[in-house]
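Would you mind keeping the following structure in view while I ask a few things?
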Amino acid sequence: MARKQAKYIFITGGVASSLGKGIAAASIGLLLKSRGLEVRMQKFDPYINVDAGTMNPFQHGEVYVLDDGAETDLDLGHYERFIDINLSRHSNITSGQIYDAVIQRERRGDYLGACVQVIPHITDEIKSRCRMIASQDENVDIIITEIGGTVGDIESLPFLEAIRQMGLENGRENTLYVHLTLVPYLNTADELKTKPTQHSVKMLREIGIQPDILLCRTGKELSRDIKKKIGLFCNIPPEAVIENIDASTIYEVPILFHHELVDNLIVHYLKLLCKDLDLGKWKEMVQKVKNPTNTVRIGVCGKYVNLKDAYKSITEAFVHAGVPNDARVELVWISSEDIFNDGPEKYLSDVDGVLIPGGFGERGVEGKIKAVQYVRENNIPFLGICLGLQCAVIEFARNICGLENAHSHEFNAETPHPVIDLMDSQRKVVRMGGSMRLGSYPCAIANGTIAHRIYHKAKINERHRHRYEVNNDYREQLSQKGMVFSGLSPDGSLVEMIELPNHPYFIGCQFHPELKSRPMSPHPLFTGLVEAALKYRKLNRANKQ
Ligand code: GLN
């Protein structure tokens, strides 16, 4: 039987960054998946880094880790959450990877004396990464590829040239170009302005790409006249000019796109054979996100609290966890340095639960340790993720086991009690990129623990990104004083989860549960924290009355 021809949708962005290209791509993916099509997602990032792992979250937002250990752009998180699939490293391609592959080939002599150039060698490599996804899986119907950056950037030009060629080579009936732009509203003129969109499309057309669909990000509804005007100037039928209006939750975007007939347009343009849309369950979830009965306040105590993108997956995991708890989870971002300077009482006395996320570097660590002590002593529900678990172990070692100056070797190489230490395999590591303990690992959960009650499972798989571990030399002392090692690597050599049984909810995990939370299947550790926080809030309220 002839192989089915995979079709390609390319998503570019214009005018400004942060318009929600990743969410738009993910929303289109969800719509097509809900019409019964096999969808794969991919992002091209035009920076030179080989992956996002070495970038500061301040600049680039969180590093999203996949099952296979790839350290990727945070948009991959949106793709996984919306489409409910597990992606692989082939889904995030950077200029660094493309150039690396081409240069290695050149050194091997594979180009037979040719002068190696951006066109065709770099563009060919980009195209082959696009096609690789279809060649690996013959069931794929649609590959949605988002091009990072904004049209007009110098660095994204080879990617745009490559996708232009893809259209030519695959045929227009197999290729669709979707362009996301901004239609700003000017207060002084009391008008929506179309010129930035016109310019952005003009720039794309100069490169040789005529967009088929325009997604117009806007704060106000687009009238039929505005759509007509944009269509006329951009050479697009007005029905393909789509209003992409600000939504109260990102999970509503696919529903709004469907109202604008986006999926019908795509099905029509690409001549896709598929069923009608069924978004019933997704709509129910969105309703619950928008109209919860309860509210709960969770303090997130971290270092990058001014840049919420640094904790994107955590924020989303709390939205998901609110759904089964019928609660709006209000996140209170607290700088761990403020906690250190002013004491925890000031910041933590009016939250119903606390989360300490992962992190690197010494700044703010003592504040996190103080926060752990406060929540432990005041029975405030607590979840510590990665560095959060490590801080919980340090605090317990110092204040309960009496191990003075206990610390992590990461922050104090001279500590007399390195309760958190480098794994043996990490001692020899000199390269920074891609060398942590990365990706999905199994974990065995002990019977009779809170972790077991929460997961309802004896074996789980969770994603990791760290170098340090609980030091096994201190396990005995810690457990004698009441710390329970509820999750271990299957061979028992690594501590993956800790808990305190005499506390309503005190859990630490060495892995990152937020990376596996999905809106339709919230992560049990987050759901459990929100549930415990709701109980704490009710109890606390009753006590205060
Ligand atoms: N810095 C710690 C380590 O490398 C924790 C990492 C994290 O929180 N992701 O082990």
Side-chain angles (χ1 to χ4, degrees), residues 65-69 86 356 358 372 376 382-403 406-411 415-429 435-503 505-516 523-526 528-529:
V65 180
L66 306 179
D67 276 340
D68 65 7
N86 295 326
I356 299 189
V372 176
R376 181 177 56 73
F382 165 74
L383 177 61
I385 294 177
C386 206
L387 179 61
L389 168 143
Q390 298 176 355
C391 289
V393 171
I394 296 167
E395 191 278 325
F396 196 83
R398 286 184 189 173
N399 299 329
I400 302 292
C401 302
L403 300 172
H407 220 319
S408 163
H409 186 272
E410 181 180 6
F411 310 124
T415 169
H417 298 294
V419 289
I420 305 294
D421 206 352
L422 267 189
M423 293 180 273
D424 275 345
S425 58
Q426 284 290 333
R427 289 187 200 278
K428 304 176 245 27
V429 168
S435 58
M436 282 187 252
R437 184 180 180 215
L438 287 168
S440 181
Y441 285 89
C443 164
I445 298 197
N447 255 331
T449 57
I450 308 173
H452 195 272
R453 180 170 59 73
I454 289 171
Y455 273 100
H456 298 296
K457 272 186 200 164
K459 196 173 156 225
I460 54 167
N461 281 283
E462 295 281 5
R463 297 181 188 174
H464 291 249
R465 183 174 189 254
H466 57 106
R467 292 187 202 281
Y468 292 82
E469 300 278 353
V470 173
N471 185 342
N472 288 334
D473 294 346
Y474 290 92
R475 266 207 225 174
E476 172 95 32
Q477 282 181 73
L478 293 162
S479 67
Q480 262 178 9
K481 292 285 183 186
M483 178 166 276
V484 171
F485 300 109
S486 46
L488 298 176
S489 57
D491 66 358
S493 67
L494 298 172
V495 171
E496 308 283 37
M497 293 189 76
I498 60 149
E499 63 188 48
L500 295 181
N502 55 1
H503 187 285
Y505 195 93
F506 189 103
I507 294 185
C509 49
Q510 191 56 76
F511 47 78
H512 289 269
E514 71 275 20
L515 301 174
K516 288 188 66 169
H523 196 286
L525 289 179
F526 280 84
L529 176 65

* Close side-chain approach of Tyr505 to Ile454, heavy-atom, < 4.5 Å -> yes
* Audit row: His452, Ser486, side chain to side chain contact (heavy atoms under 4.5 Å, CB included) steps and yes/no -> CA-CA 8 Å; His452 195 272; Ser486 46; over 6 Å; no
* Asked: Closest heavy-atom contact between Val372 and Ala392?
  -> CG1-CA, 3.8 Å
* To do: Just jot down the salt bridge (charged side-chain N to carboxylate O under 4.0 Å, His left out) partners of Arg376, sequence neighbours excluded, or say none.
  => Glu395
* Hey, what do you get for CZ (Arg463) to CG (Asp67), rounding to the nearest 0.5 Å? -> 4.0 Å
* Could you tell me whether Lys457 and Glu462 have a side-chain N and a carboxylate O separated by less than 4.0 Å? => no
* Asked: Can a donor-acceptor pair be found between the side chains of Gln390 and Ser408 at a distance below 3.5 Å?
  -> no
* When rounded to the nearest 0.5 angstrom, what distance separates NZ in Lys481 from CD1 in Ile400? -> 8.5 Å
* Say you draw a straight line from NE2 of His523 to OH of Tyr455; how long is it, rounded to the nearest 0.5 Å? -> 3.5 Å
* **Any side-chain heavy-atom pair of Leu500 and Met483 under 4.5 Å** => yes
* To do: To the nearest 0.5 angstrom, please state how far the CD1 atom of Ile507 sits from the CD1 atom of Ile385.
  => 11.0 Å
* Kindly indicate whether the side chain of Thr449, heavy atoms from C-beta on, has any atom under 4.5 Å from the side chain of Phe485. => no
* His417 side chain to Val419 main-chain N or O, any donor-acceptor pair under 3.5 Å? -> no
* **Closest non-hydrogen atom pair, Ala406 against Ala397** => CB-CB, 3.8 Å
* Asked: Minimum heavy-atom separation for Cys443 to Gly487, with atom names?
  -> SG-CA, 3.8 Å
* **Pro513 versus Phe526, closest heavy-atom pair with distance** => CG-CE1, 3.8 Å
* Note, Val393 side chain near Asn471 side chain (heavy atom, < 4.5 Å) -> no
* Structure fact -> Here the pair of heavy atoms bringing Glu496 nearest to Ser489 is CG-N, 3.5 Å
* Asked: Please walk me through it: do Tyr468 and Leu387 pass side chain to side chain contact (heavy atoms under 4.5 Å, CB included)?
  -> CA-CA 9 Å; Tyr468 292 82; Leu387 179 61; over 6 Å; no
* **Atom pair CD1 (Ile394) and CG (Leu403), whose distance is rounded to the nearest 0.5 Å** => 11.5 Å
* Taking the side chain as every heavy atom from C-beta outward, state whether Arg467 and Ser435 have any atom pair closer than 4.5 Å. => yes
* For Pro418 and Tyr474, which heavy atoms make the closest approach, and how far apart are they? -> CD-OH, 3.5 Å
* Can you find a heavy atom in the side chain of Asn461 that is under 4.5 Å from one in the side chain of Lys516? -> yes
* **4.5 Å side-chain heavy-atom contact, Val495 and Glu469** => no
* Asked: Should Leu515 and Arg465 count as side-chain neighbours, where that means a heavy-atom distance under 4.5 Å?
  -> no
* Asked: Under the side chain to side chain contact (heavy atoms under 4.5 Å, CB included) criterion, do Phe396 and Ile498 qualify, and how do the steps go?
  -> CA-CA 11 Å; Phe396 196 83; Ile498 60 149; over 6 Å; no
* With sequence neighbours excluded, what pairs up with Asn472 under the side-chain hydrogen bond (donor to acceptor under 3.5 Å, both in side chains) test? -> Arg475
* Structure fact -> The side-chain contact (heavy atoms from CB on, under 4.5 Å) partners of Cys386 (sequence neighbours excluded) come to His466, Gln510, His512
* Atom CE in Met497, atom CD1 in Ile460: separation rounded to 0.5 Å? -> 5.5 Å
* **Whether His464 and Phe511 hold their rings parallel, tilted or perpendicular, with breakpoints at 30° and 60°** => perpendicular
